[in-house]
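Below you'll find the structure, written out as structure tokens, and then a few comments.
We name chains A, B, ... by the order of the sequence lines, and we start the count at 1 in each one.
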2 protein chains.
Amino acid sequence: MATTATVEMTAEPKYWHLRTVLLQAIDSEFAAGQTLPNERELSARFGVARATLRQALEQLELEGRLHRKRGAGTVVAGPRLEIAMSTHNEGWPGVDLGDRQLVDGTTAPVPARIAAQMGLRPRAMVHRVRRRQLSMRQTVGIECLYVPRAVVPRVPELLGDNRRAGLVLRHLRHHALEGMSRSVELGVAEAEEARLLERPPGSAVLVVTTAYAAQGRTAALVVATYRADTCRLAFGDEPVSVARSAS
Amino acid sequence: MATTATVEMTAEPKYWHLRTVLLQAIDSEFAAGQTLPNERELSARFGVARATLRQALEQLELEGRLHRKRGAGTVVAGPRLEIAMSTHNEGWPGVDLGDRQLVDGTTAPVPARIAAQMGLRPRAMVHRVRRRQLSMRQTVGIECLYVPRAVVPRVPELLGDNRRAGLVLRHLRHHALEGMSRSVELGVAEAEEARLLERPPGSAVLVVTTAYAAQGRTAALVVATYRADTCRLAFGDEPVSVARSAS
DNA sequence: TAGTGGTCTAGACCACGGT
DNA sequence: CCGTGGTCTAGACCACTAC
């Protein structure tokens, strides 16, 4: 970082080489939380256009190695937060150090995507309860629980209390829960979701979809969205201690 | 798509609005596999610079809705492939329609990252076996198995045969397997990995790390890397049928 | 070889954060 | 207010694919 290294033209693109150089720099010369020089200075120092430098920074941000904020600056990220996705508590009842806050609860016609996944009629009514998941004092994910009104007719109880959503799932589980299936995929945060996650629209998120089956139908669906840059989802069936991620 | 829609300046960035417009277009007017007009034509049609249009296309590619290939064109992607991550076969023995091919096998000093995760000395020797996972006739992920030579001294057997790696794990499982822990996080494909996945460097991948514990140590580690644009990882404990992803 | 997406430049202005 | 990252432009050339 101290050197005024001119990026050599090799077979690989400049921005990719630049990423490698920056990666070595933040690994060796910067600590987590430290602020990097601004983009204009960095681009000058490496002798590239600002757009090219930004391409490298965008890569590193996608990898969760940097956090950038408009008006503030670019800081080196710490190691990813480990989010427990235990089979037993389905990620809904409270867990370890991170707690959850109720965002809102509504009852409305089911969105098209959700209807397809739950096998509901297009206009069916569903309860929706959203919760914000916190870890280390920062919002790390948004959970969204869908339950058809046909399954649980009691509406207002869902809305009022933070714990009721958990009760609903526990209720379902003891009654006729035949199984659970879960998938993980990459998505991007759109408008409101992005706002709740304190990220710009288009940010990469890990989408965990959990379907609870009862009586041959999907009785509940949880769509949890986690910041891909700061989270690692832990599915350990047993808490075998693995050393924390090597940065 | 037929209209020469000028993107209006609203509160949201042009590229984001453009993404929305393109998303509606490919949902309503294009089928999977169909080729879009080229970037220069699209940018002209929407009255924006090519770089701005490309920002929108990059978003859609990250979301797995488009595939772009240099020299060829931009095509509409099909629904994501569902990759089974069953607890029982650990993703290593062969499964359903997708099979696996041996890439290579080596015995070498353990990489720093892996050493940290397995709790090995820095210079310890480990066997490494890599396999390519196929689904629907395309490479969808790379699995990389690490086993310390101290645990399994038989070297050459690992290299020769595709099935031996599975045997090693099965062997470990029946002997002293105390538990398994697994995590999922976002990563990017670097040089060789990118090549094996037939993707450019920097492409988003889902990294599944599975640690097998025996006698208080990590006896084996599997790092599986899947194309984030084309894969959805299914962790269903029981195969509850969920309707395939609503595109 | 023609056409595609990929890279890169050198500017400009805007929106936000902290002072 | 100033400095930051975010957006956008109008070019240019390169690397690859398909024909």
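- Regarding B:Arg199, its CZ atom lies at a distance of 13 Å from the C1' atom of C:dG6, rounded to whole Å.
- OP1 or OP2 of C:dG6 has not a single side-chain nitrogen or oxygen of A:Lys14 nearer than 4.0 Å.
- Between B:Thr74 and C:dT4, a side-chain N or O to OP1/OP2 separation shorter than 4.0 Å is absent.
- Side-chain proximity of B:Arg54 to C:dG5, D:dG5, D:dT7: nearest is C:dG5.
- Neither OP1 nor OP2 of C:dC8 sits under 4.0 Å from any side-chain N or O of A:Tyr15.
- Atom pair A:His67:NE2 and D:dT4:P shows a separation of 20 Å (rounding to whole Å applied).
- Atom CH2 of A:Trp16 is separated from atom C1' of C:dC8 by 17 Å (rounded to the nearest Å).
- If you measure from atom CD of B:Glu198 to atom P of C:dG5, you get 20 Å, rounded to the nearest angstrom.
- Remark: B:Asn38 is in phosphate contact with C:dT4, judged by side-chain N or O atoms under 4.0 Å from OP1 or OP2.
- With hydrogens and angles ignored, no donor-acceptor pair closer than 3.5 Å exists between the side chain of B:Arg70 and the base of C:dG3.
- When distances are taken from the side chain of A:Arg68 to each of D:dT7, D:dG5, C:dT9, the shortest belongs to D:dG5.
- In this structure, A:Phe46 atom CZ and C:dT7 atom P are separated by 19 Å, rounded to whole Å.
- Between the base of C:dG3 and the side chain of B:Arg40 there is no donor-acceptor pair shorter than 3.5 Å.
- The phosphate of D:dG6 has neither OP1 nor OP2 within less than 4.0 Å of any side-chain N or O from A:Lys69.
- Side-chain contact check for B:Gln117 and B:Tyr146: no donor-acceptor pair (N or O, by modelled atom type) lies under 3.5 Å.
- Nearest nucleotide to the B:Ala49 side chain, out of C:dT9, D:dG5, D:dA10: D:dA10.
- Inspection of the A:Glu193 and A:Thr225 side chains reveals an N or O donor paired with an N or O acceptor under 3.5 Å.
- In this structure, CD of B:Glu39 is placed 12 Å from C1' of C:dG3, rounded to the nearest angstrom.
- Rounded to whole Å, the distance from CD on A:Gln55 to P on D:dG5 is 17 Å.
- Residue-level contact check: B:Ala72 touches the backbone only, with heavy atoms under 4.0 Å from sugar-phosphate atoms and none from bases.
- A donor and an acceptor atom, one from each side chain of B:Tyr15 and B:Glu58, are nowhere located under 3.5 Å apart.
- Phosphate proximity of C:dT9 to A:Thr52: present, with a side-chain N or O under 4.0 Å from OP1 or OP2.
- With respect to the salt-bridge test (charged N to carboxylate O, under 4.0 angstrom), the residues A:Arg195 and A:Glu190 do not qualify.
- Along DNA chain D, the nucleotide nearest B:Gly71 and the nucleotide nearest B:Leu53 are compared for position; the residue whose nucleotide lies closer to the 5' end is B:Leu53.
- Taking the side chain as every heavy atom from C-beta outward, A:Val140 and A:Arg227 never approach each other to under 4.5 Å.
- A donor and an acceptor atom, one from each side chain of B:Arg182 and B:Thr210, are located under 3.5 Å apart.
- Residue A:Arg50 has no polar side-chain atom (N or O) positioned under 4.0 Å from OP1 or OP2 of C:dT9.
- Of the candidates D:dC8, C:dT9, C:dC8, the closest approach to any side-chain atom of B:Pro13 belongs to D:dC8.
- Distance CD (A:Glu12) to P (D:dC16): 13 Å, rounded to an integer number of Å.
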